[in-house]
Amino acid sequence: MKTTPLLLAALLGLTMPLALAPASPAQAATPAAAPTLPALGDAGGDELGLGAERRLGERIMKELRRDPDLLDDPLLQDYVDSLWQPLLAAARARGDLPDEQREQFAWATFLVRDRSVNAFALPGGHVGVHLGLIAITSTRDELAAVLAHELSHVTQRHIARSIATSRRQSLIGAATMIAGILAASRSGDAANAMIVGGQAVAAQGQLNFSRDMEREADRIGFGVLEAAGFAPEGMAGMFDRLQSASRLNDSGQFPYLRSHPLTGERMAEARSRLGVNPAGSGAAPDAARWLHAAMQGRARALMDGRGETLSRLAGGGVPGAAAVAGTPEALSTACAAALAATRLKDWRAADAALARARTLAAGQGAPVQRAVQIIQIESMLDRGQTTEAARLLSGGLLDGSRAGLMLSARLAALPQAEATQAGRVREDLQTWVSVRPGDAGAWQALARVSERLGQPLASLRAQAEAQAALGDLAGAVDRLRAGQRLSRSSGAVELMEGVVIESRLKALEQQRRAELERERRGEDD
């Protein structure tokens with residue numbers, strides 16, 4: 001069975017139900033104060049510390065980053081982060097996110113190429129979002145409601161409290177157990193080799209969230225959602241959407257509805273949390289509705305690569321979407337069709353869908369038009385129409401965003417790309433990674449552009465940094481050693497890169513030795 005982060009997280013009991021448990025109207029109406037951590041079985045001195053939780057999260061992410069279903073789609077990632085960042089700011093302003101915790105944790109979201117409806121929180125502030133979740137939500141507020149719930153699980157230290165009972169086990173031991181559970185989804189033999197004595201059951205019991213923790217995350221998440229400027233109706237809307245969709249489709253796409261079933265009482269309480277707020281008082285503006293529709297369509301086309309699914313999307317058929325002409329739903333359908341047809345290399349269908357999408361996006365704001373334009377550029381690049389793609393790209397997409405940068409890097413890495421333009425893109429990428437050294441995708445793009453420009457040492461160094469960003473220190477050292485050998489044999493060529501490679505090789509070798517020593521001793525520091 002193919003492993004996905006969803007499956008790993010579900011086995012660990014780390015994922016959160018999308019059926020968000022409501023708080024009372026009185027709680028919903030309480031002004032945004034600075035709440036303290038409630039005593040939900042506080043582990044006191046045995047509670048997992050911030051640093052230990054961060055390291056455990058990093059170890060889990062190191063395993064997950066090897067999964068090909070982790071998706072680096074700059075446009076969708078930028079969109080999810082545009083919802084995530086206001087929630088973080090609101091949590092900090094309310095006092096839910098202390099400065100020490102904010103500085104220690106990653107506070108990063110990542111995308112999972114999976115059509116099931118899900119999102120999950122991991123130790124250290126890592127939150128995974130399945131494309132199926134984006135595809136089913138009809139507004140940004142519904143998606144933000146889920147993110148707020150997951151964020152609150154992290155800020156309230158629910159993960160640390162859940163695993164505090166296993167203090168006798170080192171973090172490396174915990175990470176090893178997680179790797180064993182990961183292996184269990186692929187091979188029964190591997191599971192028998194790595195998980196013995198009921199350890200998997202014990203791990204799940206240690207990491208499950210209690211009902212009290214669920215209610216706390218719901219209550220605080222609702223306050224964070226509202227404080228961030230999103231419509232509080234998003235939570236109740238998510239209830240309704242999950243119930244309606246699950247009634248039509250019970251093929252395992254809504255895993256949490258089995259362990260956390262929706263009830264009439266829960267849904268009624270979810271609506272009552274709105275208190276005296278009139279329906280729609282915080283509704284997103286039309287431009288936001290149209291942008292979410294474009295992202296929804298993109299997620300539908302990327303979450304399932306099967307030929308029959310892509311063919312259905314390319315033909316304009318999206319399950320559950322009433323694509324009424326002139327509506328955001330119609331734009332979602334057109335974007336999904338354009339991207340699916342491009343993936344199938346059905347250029348006639350792609351052009352027809354792109355024409356519909358451009359017409360629908362006209363007048364809906366620059367971000368909506370930009371989302372459609374990016375699909376058009378991607379389609380041109382897939383066809384080899386580099387001149388047309390470059391013309392569109394220079395028309396406003398070079399806006400400093402990661403999505404624009406990665407598109408320009410893709411163009412610059414092509415053999416027919418103009419060297420001058422490729423050089424400018426390389427400089428932009430170098431500036432980007434100097435500020436964000438953990439962006440593996442940007443380092444990989446820099447490696448390709450450097451190779452295109454005939455700079456092999458710079459390419460090898462960028463490849464090494466990409467591996468280091470992914471947590472693969474052995475792979476990073478291997479690439480740097482290859483660069484070292486090339487530097488010594490090529491004399492003064494790329495002299496500065498050779499110096500950097502020598503320095504980075506020493507630093508990463510030392511880091512790698514320390515990592516191996518910790519693993520040998522079974523320590524978590």
Side-chain angles (χ1 to χ4, degrees), residues 71-79 291 294-295 297-298 301-302 334-335 337-362 364-436 439-456 458-459 462-463 466:
L71 175 68
D72 183 9
D73 183 81
L75 186 59
L76 276 177
Q77 187 66 62
D78 282 353
Y79 180 65
L291 180 59
M295 297 300 104
R298 187 174 185 87
L302 293 176
C335 288
L339 196 52
T342 293
R343 296 183 70 185
L344 292 171
K345 301 191 183 302
D346 185 346
W347 309 131
R348 179 178 298 181
D351 286 338
L354 281 166
R356 294 197 304 273
R358 287 195 301 270
T359 299
L360 289 162
Q364 302 305 331
V368 181
Q369 296 171 35
R370 177 176 176 273
V372 173
Q373 194 174 38
I374 284 177
I375 298 176
Q376 185 174 2
I377 294 172
E378 290 170 332
S379 187
M380 287 177 172
L381 289 174
D382 283 354
R383 307 179 203 197
Q385 298 175 351
T386 55
T387 302
E388 296 87 340
R391 177 180 56 80
L392 275 179
L393 192 57
S394 63
L397 283 178
L398 298 177
D399 53 4
S401 70
R402 187 173 186 271
L405 178 62
M406 296 298 278
L407 259 185
S408 62
R410 180 179 171 186
L411 178 63
L414 297 175
Q416 60 269 42
E418 182 184 344
T420 302
Q421 177 60 27
R424 286 195 292 267
V425 172
R426 184 178 185 277
E427 291 177 2
D428 290 342
L429 284 166
Q430 286 180 314
T431 300
W432 181 274
V433 296
S434 68
V435 178
R436 305 167 185 83
D439 190 339
W443 279 114
Q444 291 164 349
L446 179 57
R448 292 189 292 268
V449 174
S450 297
E451 184 70 24
R452 157 68 183 85
L453 290 170
Q455 299 170 344
S459 179
Q463 291 173 36

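As the structure is a computational prediction, the values presented were derived from the model and not from experiment.
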Checklist entry - Which pair of non-hydrogen atoms, one from Gly441 and one from Arg402, has the smallest distance, and what is that distance? => result CA-NH2, 3.8 Å
Checklist outcome for this item: Between Arg452 and Ala412, the two heavy atoms sitting closest are CG-O, 3.3 Å
Next on the checklist: For Leu75 and Met295: C-alpha separation, side-chain torsions, deciding distance, then whether side-chain contact (heavy atoms from CB on, under 4.5 Å) applies.
Outcome noted: CA-CA 8 Å; Leu75 186 59; Met295 297 300 104; 3.8 Å; yes
Next on the checklist: Please identify which of these residues, Arg410, Arg343, Arg383, Arg298, meets the salt bridge (charged side-chain N to carboxylate O under 4.0 Å, His left out) condition with Glu378.
Outcome noted: Arg298
Checklist entry - Is a side-chain donor or acceptor of Thr431 paired with a backbone partner of Glu427 at a separation under 3.5 angstrom? => result yes
Item to check | Minimum side-chain heavy-atom gap Leu414-Leu381 below 4.5 Å | outcome: yes
Checklist entry - Considering all heavy atoms of both residues, which atom of Asp439 and which atom of Trp432 are nearest to each other, and what is their separation? => result OD2-NE1, 2.9 Å
Item to check | Donor-acceptor pair, side chain of Thr359 and main chain of Ala355, under 3.5 angstrom | outcome: yes
Checklist entry - Say you draw a straight line from CD1 of Ile377 to OG1 of Thr386; how long is it, rounded to the nearest 0.5 Å? => result 12.5 Å
Next on the checklist: side-chain hydrogen bond (donor to acceptor under 3.5 Å, both in side chains) for Arg426 and Gln430? Distances and angles first, verdict last.
Outcome noted: CA-CA 6 Å; Arg426 184 178 185 277; Gln430 286 180 314; 3.2 Å; yes
Checklist entry - Going through the checks in order, is the side-chain hydrogen bond (donor to acceptor under 3.5 Å, both in side chains) test met by Arg424 and Gln421? => result CA-CA 5 Å; Arg424 286 195 292 267; Gln421 177 60 27; 2.6 Å; yes
Next on the checklist: Could you report the tightest heavy-atom contact between Leu429 and Ala442, atom names first, then the distance?
Outcome noted: CD2-O, 4.0 Å
Checklist entry - Sub-3.5 Å donor-acceptor pair from the side chain of Ser408 to the main-chain atoms of Leu405, do we have one? => result yes
Checklist entry - Are Gln455 and Ser459 linked by a side-chain donor-acceptor pair shorter than 3.5 Å? => result no
